[in-house]
Amino acid sequence: MATELSMLTEPLVVTRALAKEQNLSGRMIDFFEIEWYEASKSRMKKKTQGGVEVLVEKSHRGPLEDGDLLYLSEERAIMLKIKPCDCIVLYPRGLQEVGTICFEIGNKHVPIFITEQNEVCVAYDAPLYQLLLSGEFVIEIEERVLHPAQMVKAYGNKRQIESERQV
Amino acid sequence: MHEISIVRNVFETLQETYPDKFERITKVQIEAGLLSNIQPILIQNAFEALIMEEPQLADIELEVLLLPIIAHCAACDKDFEVKRHKFVCDCGTPSKNIVQGEELQISRIEFLEN
Ligand SMILES: [Zn+2]
């Protein structure tokens with residue numbers, strides 16, 4: 001029997017992402033949208049784009065990833081979507097420059113993301129942008145999705161997150 | 001990192017304001033203007049760290065909403081959004097007359113219904 005999820009009075013509780021690579025054909029794809037800085041939250045309740053109330057109550061401390069499958073039924077799949085945001089994107093011309101950039105940003109204690117193309121991304125922040133402009137870096141402001149898996153600095157808890165992911 | 005003391009402060013304030021209802025709080029929303037010098041990720045991380053210390057807070061969601069910067073243009077007599085810190089109205093007039101963007105406040109509290 002099909003349940004109309006948006007009619008539920010209790011939220012749909014999600015404790016972890018489901019296995020990827022599932023066949024979603026024939027399902028309505030619905031999105032649970034979060035900000036990039038919410039991926040590590042252990043608890044959050046929001047409505048999906050399709051109006052289903054979802055409560056994420058994580059059973060582990062690792063971050064959720066863009067594209068994570070949160071719920072799957074015969075009718076509907078709910079996927080996590082990290083909203084893109086304005087980012088400072090730097091295009092380092094070598095490993096040494098990556099180091100210099102990370103050092104400059106590191107003082108701000110904000111997380112740094114390194115993409116597969118070795119671009120360095122950080123959420124846009126005006127003072128930081130001004131600071132980096134004064135260095136001789138190749139730098140742009142672009143709208144990007146900041147992926148937790150590409151985070152290289154998380155105030156000393158990086159190792160913790162990684163070891164939990166291996167579990 | 002002053003975000004840790006901000007988060008502690010928020011929960012101390014709530015405990016003082018709602019001594020009877022504090023345990024029924026399910027969600028706290030904080031609005032932070034883009035000029036408030038608050039990093040939402042550091043607020044969220046500070047809260048996750050606080051939960052480890054004070055597990056009774058684990059049933060509360062802390063949500064940070066970033067508020068865009070809004071300035072007022074005297075020439076058009078209207079407000080405009082300041083994107084990427086360009087304090088210039090569509091009409092070309094610069095303005096630093098800020099209407100929104102400096103706030104840091106508890107904007108919403110949700111309680112468990114009886
Ligand atoms: Zn104007």
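Just so we're clear, the structure is a prediction, and the values are computed from it rather than from any experiment. Residue numbers begin at 1 in each chain, while the letters A, B, ... track the order of the sequences. What's counted below: heavy atoms across the whole structure, side chains too, no hydrogens, waters or symmetry copies.
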*chain A: which of Glu63(B), Lys27(B), Glu110(B) shares the most heavy-atom pairs with it under 4.5 Å?*
Glu63(B)
*Under a 4.5 Å heavy-atom cut-off, does chain A meet the side chain of Lys83(B), its backbone, both or neither?*
neither
*Co-membership, hydrophobic cluster, residues Leu34(B) and Val82(B), 4.5 Å side-chain*: yes
*Can a donor-acceptor pair be found between the side chains of Glu48(B) and Ser42(A) at a distance below 3.5 Å?*
yes
*For atom CD of Glu136(A), is the number of surrounding heavy atoms from other residues, nucleotides or ligands below 6.0 Å larger than 12?*
no
*More than 12 heavy atoms from other groups under 6.0 Å of NZ on Lys96(B)*: no
*With no hydrogens and no angle check, is any side-chain donor or acceptor of Lys41(A) less than 3.5 Å from a backbone partner on Leu62(B)?*
yes
*Are the side chains of Leu42(B) and His109(A) in touch, meaning some heavy atoms are under 4.5 Å apart?*
yes
*Hphob cluster co-occupancy, Leu133(A) + Tyr91(A), side-chain heavy atoms under 4.5 angstrom*: no
_Side-chain heavy atoms of Tyr37(A) within contact of Leu66(B), under 4.5 Å_ = yes
*asked:* Looking at Lys45(A), is its backbone amide N or carbonyl O close enough to the side chain of Glu61(B) to form a donor-acceptor pair, meaning the two atoms are under 3.5 Å apart?
replied: yes
*Which residue out of Arg84(B), Gln44(B), His85(B) racks up the most heavy-atom pairs below 4.5 Å with chain A?*
Arg84(B)
*asked:* Same cluster or not: Trp36(A) versus Val145(A), using hydrophobic residues (I, L, V, M, F, W, Y) connected whenever any side-chain heavy atoms lie under 4.5 Å apart?
replied: yes
*Please tell me if the side chains of Asp125(A) and Gln39(B) come closer than 4.5 Å, counting only heavy atoms from C-beta onward.*
yes
*In terms of hydrophobic clusters joined by side-chain contacts under 4.5 Å, are Met28(A) and Leu70(A) together?*
no
*Please look at Asn37(B) and chain A and tell me whether the side chain, the backbone, both or neither of the residue comes under 4.5 angstrom of a heavy atom of that chain.*
neither
_Test of understanding: clusters of I, L, V, M, F, W, Y form through side-chain heavy atoms closer than 4.5 Å, transitively. Do Leu90(A) and Ile141(A) belong to the same one?_
yes
